[in-house]
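In what follows, a single structure is set out as C-alpha cells and then discussed.
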Amino acid sequence: MKKIVFTVLAAAALMACQSNNKQNRMLDEGEAVEIAGTDSTGMVDVFAYEGVIPSQSGKGDSIDYLVIITQQIDTVNGVYQMTQTYVTADGKTGRQMNSKGKKIFHRGTARDKTAKVYKLIPDSGSNQTVNLWVESDTTVVVLDDQMNAPAKPDKHRLKTVKHHKHHL
C-alpha cells in the first residue's frame with residue numbers, strides 16, 4: 001500500500017492524537033490537509049482515502065467520504081479521522097459529520113475469510129463502526145453492517161488520496 005503522509009502541520013496534529021498527553025482534536029475548520037511524502041519523524045504511516053458512494057435512502061443522495069488513517073510503522077492498528085458529507089441528488093451539500101477513533105485490522109468478510117478489513121470504531125462524533133475492505137493497494141470498499149461487500153462495489157470504492165485540500 002502506498003504510504004502517504006501529511007505535511008508537518010497536519011502530521012503534528014495527527015501525532016498529537018497518539019502522544020502520551022492524549023490530546024484529542026480534529027483539525028481546525030478551514031485548515032488545509034496536503035498529503036505528501038513522509039512524516040518528519042519517520043515513525044508514522046498515514047493513509048488517506050476519498051470517494052463518493054450512494055446513500056441508503058434510495059433517493060439519489062450520496063455521501064462524500066474522506067478517511068485518514070494514522071498508525072505506527074510496522075503495526076496494523078492505529079487511529080482514524082473521517083469526514084462524511086451528505087450530498088443531495090441535485091448536488092447540494094448537506095450536513096457534515098466528523099468522527100475519529102480506533103482503526104483495527106480485521107481478517108475476513110462474510111464471503112472471503114482471507115480479506116483484509118479496516119474496522120473504524122469511533123470514539124467521538126459517531127456511534128457507528130465503518131468497515132472498509134482493502135480491495136487493492138489503492139482502493140478500499142465500504143462494507144455493510146454485516147461485513148458484506150455491496151452488489152456493485154465500483155459505486156462504493158474509496159481511492160487513495162495523494163494531494164488533497166479539504167476541510168475536516
Side-chain angles (χ1 to χ4, degrees), residues 1-6 10 13-15 17-18 22 24-27 33 35 39 44-89 93-162 164 166-168:
M1 180 165 294
K2 288 186 178 182
K3 294 178 183 178
I4 51 181
V5 188
F6 298 99
L14 287 173
M15 289 190 54
C17 292
Q18 293 181 335
K22 298 296 182 195
N24 290 318
R25 70 174 185 88
M26 293 295 284
L27 296 174
V33 174
I35 298 158
D39 175 342
V44 177
D45 287 337
V46 180
F47 307 94
Y49 302 95
E50 184 176 46
V52 178
I53 67 166
S55 73
Q56 296 178 355
S57 72
K59 298 177 183 177
D61 296 353
S62 59
I63 304 168
D64 182 352
Y65 280 79
L66 175 61
V67 179
I68 302 167
I69 297 170
T70 307
Q71 61 193 39
Q72 296 295 318
I73 289 179
D74 298 327
T75 63
V76 294
N77 298 325
V79 295
Y80 80 91
Q81 293 185 24
M82 179 169 56
T83 299
Q84 296 169 292
T85 305
Y86 293 88
V87 181
T88 62
T93 300
R95 69 183 169 101
Q96 186 177 77
M97 184 172 69
N98 295 316
S99 67
K100 61 183 176 177
K102 296 175 192 73
K103 174 257 181 184
I104 307 294
F105 178 81
H106 177 78
R107 182 67 73 179
T109 64
R111 291 187 186 176
D112 182 356
K113 302 299 181 213
T114 63
K116 296 190 317 186
V117 176
Y118 298 154
K119 293 179 85 59
L120 306 181
I121 304 167
D123 290 335
S124 67
S126 175
N127 59 2
Q128 184 173 351
T129 296
V130 173
N131 298 300
L132 303 174
W133 164 45
V134 181
E135 183 180 45
S136 73
D137 286 347
T138 59
T139 62
V140 294
V141 175
V142 178
L143 300 174
D144 69 14
D145 294 342
Q146 286 75 45
M147 302 275 288
N148 293 309
K152 296 182 180 182
D154 56 313
K155 294 186 182 243
H156 291 81
R157 282 189 180 105
L158 307 180
K159 298 201 181 266
T160 301
V161 179
K162 292 182 182 176
H164 186 82
H166 194 75
H167 298 293
L168 287 178

With rounding to the nearest 0.5 Å, note down the distance linking [atom1] in [X] to [atom2] in [Y].
{"X": "H156", "Y": "I53", "atom1": "NE2", "atom2": "CD1", "value": "5.0 Å"}
{"X": "L143", "Y": "N148", "atom1": "CG", "atom2": "CG", "value": "8.0 Å"}
{"X": "Y118", "Y": "F47", "atom1": "OH", "atom2": "CZ", "value": "5.5 Å"}
{"X": "Q84", "Y": "L66", "atom1": "CD", "atom2": "CG", "value": "10.5 Å"}

Distance-only donor-acceptor hits, side chain of residues 126-134, under 3.5 Å, sequence neighbours excluded:
| residue | atom | partner | partner atom | Å |
| --- | --- | --- | --- | --- |
| S126 | OG | Q128 | N | 3.1 |
| Q128 | NE2 | D145 | OD1 | 3.3 |
| N131 | OD1 | K119 | NZ | 3.1 |

Return the minimal non-hydrogen interatomic distance between [X] and [Y], and the atom names on each side.
{"X": "P150", "Y": "V142", "value": "CD-O, 3.6 Å"}
{"X": "M82", "Y": "L120", "value": "SD-CD1, 4.5 Å"}
{"X": "G108", "Y": "V117", "value": "O-CG2, 3.8 Å"}
{"X": "R157", "Y": "D154", "value": "NH1-CA, 2.9 Å"}
{"X": "V76", "Y": "F105", "value": "O-CB, 3.5 Å"}
{"X": "G94", "Y": "T85", "value": "O-CG2, 4.4 Å"}

Considering residues at least two apart in sequence or located in another chain, which fulfil the side-chain contact (heavy atoms from CB on, under 4.5 Å) criterion with [X]?
{"X": "S124", "answer": "K100"}
{"X": "S62", "answer": "V52, V87"}
{"X": "T75", "answer": "Q71, Q72"}
{"X": "K59", "answer": "S57, D61"}

Task: Close side-chain approach of D64 and E50, heavy atoms under 4.5 Å - done: yes
TODO: Determine which pairs satisfy salt bridge (Lys or Arg N to Asp or Glu O under 4.0 Å) with at least one residue from residues 101-111, sequence neighbours left out, and list them in order.
DONE: K102-D123
- [ ] Please check if the side chain of T160 supplies one atom and the backbone of T138 the other of a donor-acceptor pair under 3.5 Å.
- [x] yes
